[in-house]
Q: 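First the structure, which I've put down as C-alpha cells, then a few questions once you've had a look.
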2 protein chains.
Amino acid sequence: MKLQKTTEYSLRILIYMAKESEKIHTAKSILENLNISDKYLRRIMTQLTKFGFITSVQGKEGGYFFAKKLEDISIADVINAFEGLEKYSGCVLGFEECSDENPCAFHYKWKEFRSNLIKFLKTTNLSNIEVEQILKF
Amino acid sequence: MKLQKTTEYSLRILIYMAKESEKIHTAKSILENLNISDKYLRRIMTQLTKFGFITSVQGKEGGYFFAKKLEDISIADVINAFEGLEKYSGCVLGFEECSDENPCAFHYKWKEFRSNLIKFLKTTNLSNIEVEQILKF
DNA sequence: TCTATATGCTACTTGTTTGTAGTATTTAAT
DNA sequence: ATTAAATACTACAAACAAGTAGCATATAGA
Ligand code: SF4
Ligand code: SF4
C-alpha cells in the first residue's frame with residue numbers, strides 16, 4: 001500500500017478538517033498545520049472541491065467546508081477519486097485478470113488479504129477514525 | 001499495495017523460473033512466455049543478477065539460474081532490492097514516524113493490518129508459492 | 001467604490017519510472 | 001580463428017507524478 005503523495009496529502013487534509021468539521025477552513029490555516037507547499041495545497045483543495053468532498057467559498061471570509069457527512073467519506077472514496085481504487089484492488093503482479101479459474105502463484109495466499117484491505121478502506125471513514133487521538137499532522 | 005512495474009516483472013520472472021528451478025533459462029525463453037519487451041527484460045535480468053538472486057552465464061549456451069535456494073528468496077526480499085520495503089512498511093499517510101506515542105488518526109486501525117502485510121511478504125517465498133497451480137504468466 | 005483576503009486557472013519545471021535503441025562483450029562449438 | 005548465440009552496458013526518449021509561479025476571479029467590509 002503505497003499511495004501517491006497527492007492522495008496522502010488529501011487524506012491528511014480531510015482528517016485535519018474533520019477534527020473541526022463544522023468550521024470553515026482556509027487554505028492558509030491548513031498550510032500552517034500540514035507541511036504542504038502553498039500552490040500544491042491549493043490545487044489539491046480545488047480537486048477535493050471538484051470531487052465533491054468539500055465546498056469552497058471564494059472571497060473574503062471564504063474557505064472550505066465539508067460537502068458531505070463525514071461518514072459518507074471513506075478512505076476508499078478518496079483514493080478512488082484521485083488515483084482509482086482498481087490500482088490497489090487489482091492484481092499485485094500486474095496481470096489483467098484475477099480469478100480462481102486462472103490463478104497465479106499468489107492467488108490463494110493473496111486473495112483473502114486483498115479483500116480485507118478493500119473492506120478496510122471502504123468501511124473506514126472520516127467519522128469512525130479516532131479523530132480525538134490525533135497528535136500528528 | 002501497488003508495486004512498481006519493474007518489481008512486478010521481477011516477481012513474475014522469478015516465479016516463472018521457479019517452475020523449473022534447476023534449468024538454465026535464457027532471456028529469449030522468458031520473453032516468449034512473459035509479456036515484457038526484450039531490452040527491458042534484459043535490464044531486469046542484469047539487476048536480478050546484481051542483487052544476487054540469480055547467476056548469469058554469458059556466451060553461447062548461457063542464461064540464468066538461481067543463485068540461492070528458493071526458500072531463501074521471499075517476496076519481501078525482491079521488493080526490498082528493487083524499491084525498498086520501507087515504502088510499504090512505512091506510513092500510509094507519508095508521515096515520518098509512526099508510534100503509539102505519536103499516533104495519527106489511522107494508527108490503531110492500520111497498525112495491525114500493516115504488520116500482517118509485512119509478515120505475509122516476508123514469509124511467502126519462491127518455494128512455498130503454489131507453483132504447480134500456476135496457469136498465468 | 002476600493003481594498004484586503006480569499007480561491008481558481010493555466011502553464012511551466014523538475015524528478016522519477018518506464019520503455020527503447022545501439023553497441024560491446026563473452027563463450028561454446030565448428 | 002570464426003561464427004553464432006548468448007548477456008552487459010550506455011545513452012536516450014516518452015510518460016507520468018510532484019512541485020512552482022504568476023495572474024485571474026470572487027466577495028465581505030470599510
Ligand atoms: S492472486 Fe495472483 S492474479 Fe490475482 S491479483 Fe493476486 S497476484 Fe494477481
Ligand atoms: S498508523 Fe498512522 S502514522 Fe502510522 S503508518 Fe499508519 S497512517 Fe502513518
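Protein chains get the first letters and strands the later ones, always in sequence-line order, with residue 1 at the start of each. Computed from heavy atoms alone, side chains included, the values below leave out hydrogens, waters and symmetry copies.
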Q: Using only atom types and a distance under 3.5 Å, with no angle test, would you say the side chain of Arg12(A) pairs donor to acceptor with the backbone of Leu93(B)?
A: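 Answer holds: yes.
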Q: Begin with the C-alpha distance, continue with both residues' side-chain angles, and end with the deciding distance and a verdict on side-chain contact (heavy atoms from CB on, under 4.5 Å) for His25(A) and Ile13(A).
A: CA-CA 10 Å; His25(A) 295 268; Ile13(A) 292 164; over 6 Å; no
Q: Where does the angle between the aromatic ring planes of Phe113(A) and Phe120(B) fall among parallel (under 30°), tilted (30 to 60°) and perpendicular (over 60°)?
A: parallel
Q: Can you tell me the distance, in whole Å, between the CG atom of Leu41(B) and the C1' atom of dA8(D)?
A: 13 Å
Q: What integer distance in Å separates Glu83(A):CD from dA15(D):C1'?
A: 17 Å
Q: Rounded off to whole Å, could you give me the CD1-to-P distance for the Ile54(A) and dA6(C) pair?
A: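 These atoms are roughly 16 Å apart.
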Q: Whole angstroms only, please: what is the CG-C1' distance between Asn35(B) and dT18(C)?
A: 15 Å
Q: Roughly how far apart are Leu126(B) CG and Phe66(B) CZ, rounded to 0.5 Å?
A: 5.5 Å
Q: Atom CZ of Phe51(A) and atom C1' of dG8(C): how far apart are they, to the nearest Å?
A: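 Computing the Phe51(A):CZ to dG8(C):C1' distance gives 15 Å.
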Q: For nucleotides 1-7 of chain D, read 5' to 3', which letter fits each nucleotide if B means a protein heavy atom sits under 4.0 Å from the base, S means only the sugar-phosphate is that close, and - means neither?
A: ----BBB
Q: Round to a whole Å and report the spacing from CE of Met45(A) to C1' of dC9(C).
A: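 Rounded to whole Å, this separation is 16 Å.
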Q: Rounding to a whole Å, what distance do you find between Gln4(B):CD and dG19(C):P?
A: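 Those two atoms, CD and P, are 11 Å apart.
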Q: Ignoring hydrogens and angles, tell me if any N or O in the side chain of Ser21(A) forms a donor-acceptor pair with the backbone of Met17(A) under 3.5 Å.
A: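 A pair under 3.5 Å: no.
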Q: In Å, rounded to the nearest 0.5 Å, how long is the span from CD1 of Ile44(A) to NZ of Lys39(A)?
A: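 Output value for this atom pair is 14.0 Å.
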Q: So, Asn128(A) side chain and Thr123(A) main chain: donor-acceptor pair closer than 3.5 Å or not?
A: yes
Q: Describe, in one word, how the ring planes of Phe51(A) and Phe53(A) are oriented to each other, choosing from parallel (under 30°), tilted (30 to 60°) and perpendicular (over 60°).
A: perpendicular
Q: Rounded to the nearest angstrom, tell me the gap between atom NZ in Lys2(A) and atom P in dA17(D).
A: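 In whole Å, dA17(D) P lies 14 Å from Lys2(A) NZ.
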Q: side-chain contact (heavy atoms from CB on, under 4.5 Å), that's the test. Do Lys2(A) and Lys87(B) meet it? Break it down for me.
A: CA-CA 7 Å; Lys2(A) 177 61 193 173; Lys87(B) 204 162 144 182; 3.7 Å; yes
Q: Between N or O atoms, less than 3.5 Å apart, protein on one side and nucleotides 19-21 of chain D on the other: list the pairs.
A:
| unit_1 | atom_1 | unit_2 | atom_2 | d |
| --- | --- | --- | --- | --- |
| dG19(D) | N7 | Arg43(A) | NH2 | 3.1 |
| dG19(D) | O6 | Arg43(A) | NH1 | 3.2 |
| dT20(D) | OP2 | Ser37(A) | OG | 2.8 |

